[in-house]
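First listed ligand is number 1; within each ligand, the first listed atom is number 1.
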Amino acid sequence: MQVRISFPRRIFDLMMPRLCTVCHERLGITEDSICMACNLHLPRTAFCSSPYDNEMAQCFWGLMPIEKAAALFYYLPHSPSSGIMLKMKYEGRWDVAEDMGHIMARECGEAGFFDGIDVIVPIPITKKRKRERGYNQSYHLALGISEATGIPIADKAVERTVYNGSQTRLRGYERRENVENAFALRDAKKIKDKHVLIIDDVVTTGSTIMECGKELLKGGAKALSVLSLGYTK
Ligand SMILES: [Zn+2]
């Protein structure tokens with residue numbers, strides 16, 4: 001497929017070469033955030049091809065009615081996949097999140113993952129956290145997905161009321177308690193009778209998804225599915 005590149009972008013690319021988020025080599029003019037070689041080497045999960053039954057979907061079995069679950073890649077510490085996450089979470093690179101959203105939309109879209117989805121809800125962060133970081137990385141993932149699929153975002157449907165510190169050092173059962181009642185339903189109109197796709201950056205135990213999902217079900221969501229950038233085994 002031939003990609004048309006606008007004149008301003010060509011000029012901008014000459015003056016301000018963009019670098020790959022992973023290998024820091026110069027990006028080609030048609031590449032966004034990540035070069036083709038690094039993209040090919042991401043440890044993909046292939047969950048999109050069996051969204052109803054995979055190890056991520058199984059996290060929710062017996063706990064919450066999650067229809068489809070998928071993640072683009074396995075999140076591994078000190079690897080290119082964690083490098084991408086650090087950039088979009090802690091280094092102000094919301095644009096990386098949007099580009100990754102485009103990739104998720106393209107690959108999962110080909111597998112029909114978005115069929116039947118009515119609305120996208122990114123996992124919210126607290127107002128305090130948003131003030132500190134300036135943006136919600138999951139919102140920008142959702143924005144990339146929404147741009148590519150045309151599915152609208154309902155980002156004010158649920159609010160995050162409590163932030164209990166970074167979860168990265170906690171064990172599974174501690175994480176579960178750590179997010180308990182961290183979300184509150186704000187605008188049920190946007191999700192009532194809809195099949196909602198929850199978007200998160202990384203899913204580990206699924207406890208954050210379940211806490212947020214609880215509020216969405218309370219608001220009358222018809223069905224819930226989950227898509228994340230990374231999945232931790
Ligand atoms: Zn690269």
inquiry  = Any carboxylate oxygen within less than 4.0 angstrom of a Lys/Arg side-chain nitrogen, looking at Lys190 and Asp155?
reply    = no
For Tyr231, ring-ring contact (aromatic ring centres under 6.0 Å, His included) partners two or more places apart = Phe47
query = Residues two or more places apart in sequence or in another chain: which of them pass disulfide (SG to SG under 2.5 Å) with Cys212?
reply = none
ask   = In terms of SG positions, are Cys35 and Cys23 separated by less than 2.5 Å?
value = no
query = With no hydrogens and no angle check, do the side chains of Arg160 and Asn136 hold a donor and an acceptor under 3.5 Å apart?
reply = no
remark   = Within a strict 2.8 Å cut-off of the Zn ion (ligand 1), protein N/O/S atoms tallied 4
ask   = Mind checking what makes side chain to side chain donor-acceptor pair (under 3.5 Å) contact with Glu31, not counting sequence neighbours?
value = none
